[in-house]
Protein chains: 2
Amino acid sequence: MENPRPPATLADVAERAGVSRQTVSNAINNPDLLRPDTLARVQDAIESLDYTPNQAARHLRTRSSHLIGMRLTPAQEYTANTTMDRFVHALVEASREAGYHVLLFSGGRVAEGELPDPLGGYDDLLRSTAVDAFVVTDTYLGNPQTVGLTLRRAPFVAFGRPWDDANAQHPWVDVDGAAGVQAATEHLRGLGHERIAWLGWEPGSRIGEDRRAGWHRTMVAHGLSTTGLEAAVPDTVAAGREAAATLLDASDCGPTAFVCASDTLAVGALHTLAARGLTPGDDVAVVGFDDSQVAQVMGLTSVRQPLEEAAVHLVAELRLLLAPVPTEPGGVLLAPRLEVRTSSTRG
Amino acid sequence: MENPRPPATLADVAERAGVSRQTVSNAINNPDLLRPDTLARVQDAIESLDYTPNQAARHLRTRSSHLIGMRLTPAQEYTANTTMDRFVHALVEASREAGYHVLLFSGGRVAEGELPDPLGGYDDLLRSTAVDAFVVTDTYLGNPQTVGLTLRRAPFVAFGRPWDDANAQHPWVDVDGAAGVQAATEHLRGLGHERIAWLGWEPGSRIGEDRRAGWHRTMVAHGLSTTGLEAAVPDTVAAGREAAATLLDASDCGPTAFVCASDTLAVGALHTLAARGLTPGDDVAVVGFDDSQVAQVMGLTSVRQPLEEAAVHLVAELRLLLAPVPTEPGGVLLAPRLEVRTSSTRG
DNA sequence: GTGAAAGCGCTAACAA
DNA sequence: TTGTTAGCGCTTTCAC
């Protein structure tokens, strides 16, 4: 029933169909070139032999592996950060529809006290022509990857804006964090909140600054004061818990709502509310960012990045990049969506 | 500084080192065959040309891609199920150390109302010789994959026991769920609990039955009754919440602790406690399964699967499987570890 | 210990 | 429209 013997080759199909190997190749790659009856005959042979082109041979000949490389950053446990994983799923799906597969690699173990090599893992894959292009996702830290890859003439698309480089020459796709936080803040304002606090990250992160800007500009637009309504802390639950407590205590008239730079910080805020017997939504509203599983199961209102959409755009940019006729690299900015749950709705 | 031109080939290195191409190949694959000085000369040339063997050519010639295929199952949102993602990270890392990369693929979109093809995606990769082997992770559903892959003589290692097939001929690695739940139950017993309830899945899942067995045998071993202390529901937060409420109400003397088949169900139980003003740990203890990020940030005691270890074993089995001398396929059962947090410890 | 020849399976270029 | 030729870069024989 099945085939224990080696897979059929192009030559097998050609022999079976009574045509040359090249004709079979054309039947697969340029079916228009064949006369309908020849095509049908070849397709029959392909089907009956269960033929699939050998990837290695095709890869060697065409210099295209149909593989997209993506470096997996170490999983962050004890946080609610799940964006990377959701993105991997989305990318695999989007790639499949474009005829690509995703090759995952890691930067390698980083020795104690050493900085990780920003290009670790990329170089080998590049020189060995194992992948056609990269998706670079960890530009968040200040993207030394994009510079290095550009120097090496490696095709790549970034998931993340080229913050530090206005005239970057690579395509990118990003999510408009400021717009997401703005939507969150407007949502809270619409519910009557006026003292809306920002629970954000320490300075130095462009993403963090961007998200904060969404809060700040919305407050200003509504003529609301931001004084004493802001904290900048590391991205941990404990830091969020403490910062929320401090904000609630410090102001003469404490915040009635928190907008957070991450679900992790938002969970910290929820812990503080619970410890004080305050009900999320009813007493104090909390909104997070990322729509992690944590937010979903805790009923935390959160800003959801459209990662599926982002992946589709990334793959589209990639195909443009790899197309024979080079195109101007594009940038795509997507709007996130607010997922409203009980942590922000008065019951 | 960098190389805008095509990567160096073996021939380039040979010319530079003043040897034949074959000698360069030997320098890489069988260094022992060369005289030390020749070897050194070749290695110099390799370094100065920044040479890395072309994967496609090597793959074509050796029939080995050094790629491990793994099918990504659709992400489960609104649950705390994060095992698959943690496993992917672990597998990428373990593969790297063995000189392999991980190729991700998806089963393809499933049409409305149709069952997904259990072998979707596998076949093409197999026939096109794109991957050397598979890691099959979704055996949980009753593994039609393993049967199909065996028929096709595809090398694979399963993450999950061959439940339905005592004399399965493929290697596998699994985590002893019963032992994990037993540890959780013992933990609760050690804290003085006697009415320990099992919040489990509906029948039909071997994994679910296995985990339940860990609870049941521990209760029996301690001479504790299990009557009225058990629920079998779908794996959702809402189901867990309702089941926990029912269990608390139904018994004359309700359970003082819940052991759950998943973090998702455990979160449901926590919701019920919160709604009744009960404090987890102090009033009623709750233990989950999977050590998801949700458990970590909510302070939920949970059974953690040793996925890093599992990945290392999987890759080891894979290498055995792909080695020239075939070995008896092995099975490895790993013990999980209980991560104790505040949801089970009296304050 | 080193080199020469052959060929893995495919497709780009050209010839018929 | 179809067939022929050549070669992608590498490794596996087998001579030297």
(Q) Just N and O in the side chain of A:Thr38: are any of them under 4.0 Å from OP1 or OP2 of D:dT2? (A) yes

Q) When all nucleic acid strands are considered with a 4.0 Å heavy-atom cut-off, which category describes B:Leu34: base, sugar-phosphate, or nothing? A) sugar-phosphate

Q) Are A:Thr62 and D:dC8 close enough that a side-chain N or O sits under 4.0 Å from OP1 or OP2? A) no

Q.
Expressed as a whole number of angstroms, how long is the span from B:Gln55:CD to C:dG9:P?
A. 18 Å

Q) To the nearest angstrom, how far is B:Arg35 atom CZ from C:dT2 atom P? A) 5 Å

Q.
Measuring to OP1 and OP2 of D:dG9, would you say a side-chain N or O of B:Tyr51 lies under 4.0 angstrom away?
A. no

Q: Just call it for A:Arg63: base, sugar-phosphate, or nothing, with non-hydrogen atoms closer than 4.0 Å on any strand.
A: sugar-phosphate

Q: Let me know the distance between CG of A:Asp32 and P of D:dT2, rounded to the nearest Å.
A: 13 Å

Q) Taking atom types as modelled and ignoring hydrogens, do the side chains of A:Arg63 and B:Asn54 form a donor-acceptor contact shorter than 3.5 angstrom? A) no

Q | Ring centers of A:Phe156, A:Tyr122 separated by less than 6.0 Å | A | no

(Q) How many whole angstroms separate atom NE2 of B:His59 from atom C1' of C:dC10? (A) 13 Å

(Q) Donor-acceptor pair, distance only, cut-off 3.5 Å: does the side chain of A:Arg127 make one with the backbone of B:Asp50? (A) yes

Q: Indicate yes or no: at least one non-hydrogen side-chain atom of B:Met70 is less than 4.5 angstrom from one of B:Met84.
A: yes

Q) Is any side-chain nitrogen or oxygen of B:Arg61 closer than 4.0 Å to OP1 or OP2 of C:dG7? A) no

Q) If only side-chain N and O atoms of B:Asn29 are considered, is one of them under 4.0 Å from the OP1 or OP2 phosphate oxygen of D:dT11? A) yes

Q.
Between A:Gln22 and B:Leu33, which residue's closest nucleotide on DNA chain C lies nearer the 5′ terminus?
A. B:Leu33

